[in-house]
Amino acid sequence: MPVRPAAGGGIPPIARLLGLSGLLPQLGAVALLLSGDPQSRYAALAIAYAYAAIILSFLGGLWWGLAARTDSPPRWLWFASVAPSLIALITAWPWMVGLRWPGPSLVLLGLSLIAALCVDRALVRDGIAPPGWMALRVPLSLGLGVLTMLAAAF
């Protein structure tokens, strides 16, 4: 069966619903941090860190997939596609060597998630991402980025 784009070339409602539900793990981690329970603090920070790193890496894979399905993708897109997973890996380094973690790593991940909107905007500009892409990406990247940086405040 052939794949057809969503009506009007926009984002399907299921993608919007599932995308927004993807904010729930970070909301849960922040809520746990807000509770002030000292026994849950480290677990909540670790969940917030891991989830942000996973989603940032996911964005890179998504961009790679868009590049792979495009006839002549811009060269920069291949580089942009691998950057998120490398950034996520770099943010694990302080933990691996016993430095302060995860506060600074959470901040870098949060800022990277928000900065990812620049790539998303370029994808729309170049006709690589579908119409309506930014209506999905803005609340998701801003939401997860802000929640991740909020977790860093604890």
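Position 1 is the first residue of the sequence, and the numbers go up from there. What you are looking at is a predicted structure, and each value in this text was computed from that prediction instead of being measured.
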Query - Residue pair L140, L144: steps toward the side-chain contact (heavy atoms from CB on, under 4.5 Å) verdict - result: CA-CA 6 Å; L140 297 180; L144 189 57; over 6 Å; no
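- Put simply, I90 and V119 are part of two different groups of oily side chains (I, L, V, M, F, W, Y) that touch within less than 4.5 Å, one to the next.
- In plain terms, the two heavy atoms of L77 and A67 that are nearest each other are CD2-CB, 3.5 Å.
- Hydrophobic clustering (ILVMFWY, side-chain heavy atoms < 4.5 Å, transitive): L147 and I47 are in distinct clusters.
- In this structure, the side chain of Y49 does not engage the main chain of A152 through any donor-acceptor pair within 3.5 Å.
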When the side chains of residues 10-37 are checked against the rest of the protein, which donor-acceptor pairs come out under 3.5 Å, sequence neighbours left out?
from, atom 1, to, atom 2, distance (Å)
S21, OG, L18, O, 2.7
Q26, NE2, A48, O, 3.1
Q26, NE2, T148, OG1, 2.8
S35, OG, L32, O, 2.6
S35, OG, D37, N, 3.4
D37, OD1, Q39, N, 3.2
D37, OD2, S40, OG, 2.7

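- With S105 contributing its side chain and W101 its backbone, the two residues share no donor-acceptor pair below 3.5 Å.
- Between the CD1 atom of I128 and the CG atom of D120 there is a distance of 11.5 Å, given to the nearest 0.5 Å.
- Linking Ile, Leu, Val, Met, Phe, Trp and Tyr whenever their side-chain heavy atoms come within less than 4.5 Å leaves L56 and L89 in two separate clusters.
- Applying side chain to side chain contact (heavy atoms under 4.5 Å, CB included) to T91 and the options V107, L86, L106, L108 leaves one that passes, L108.
- The CE atom of M149 lies 3.5 Å from the CD1 atom of I114; values are rounded to the nearest 0.5 Å.
- In this structure, F154 is a member of the same hydrophobic cluster as L99, with clusters built from ILVMFWY side-chain heavy atoms closer than 4.5 Å.
- Take W93 and apply the ring-ring contact (aromatic ring centres under 6.0 Å, His included) test, not counting sequence neighbours, and it matches no residue.
- Few gaps surround CH2 on W76; more than 12 heavy atoms of other groups in view lie less than 6.0 Å from it.
- With hydrogens and angles ignored, the 3.5 Å screen pairs no side-chain donor or acceptor of R137 with any backbone N or O of A116.
- Relative orientation of the W64 and W78 rings is perpendicular, given thresholds of 30° and 60° on the angle between their planes.
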Requested in this report: Carefully, step by step, assess L142 and L117 under the rule side-chain contact (heavy atoms from CB on, under 4.5 Å).
Outcome: CA-CA 8 Å; L142 285 178; L117 289 170; 4.0 Å; yes
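- A 4.5 Å side-chain heavy-atom check between I55 and P84 finds every atom pair outside the cut-off.
- Counting all heavy atoms, side chain and backbone alike, R121 lies closest to M134 at N-SD, 3.7 Å.
- By the criterion of side-chain heavy atoms lying less than 4.5 angstrom apart, applied directly or through intervening Ile, Leu, Val, Met, Phe, Trp or Tyr residues, L136 is grouped together with F58 in one hydrophobic cluster.
- Of the possible polar contacts, none joining the S141 side chain to the V138 backbone as a donor-acceptor pair under 3.5 Å is found.
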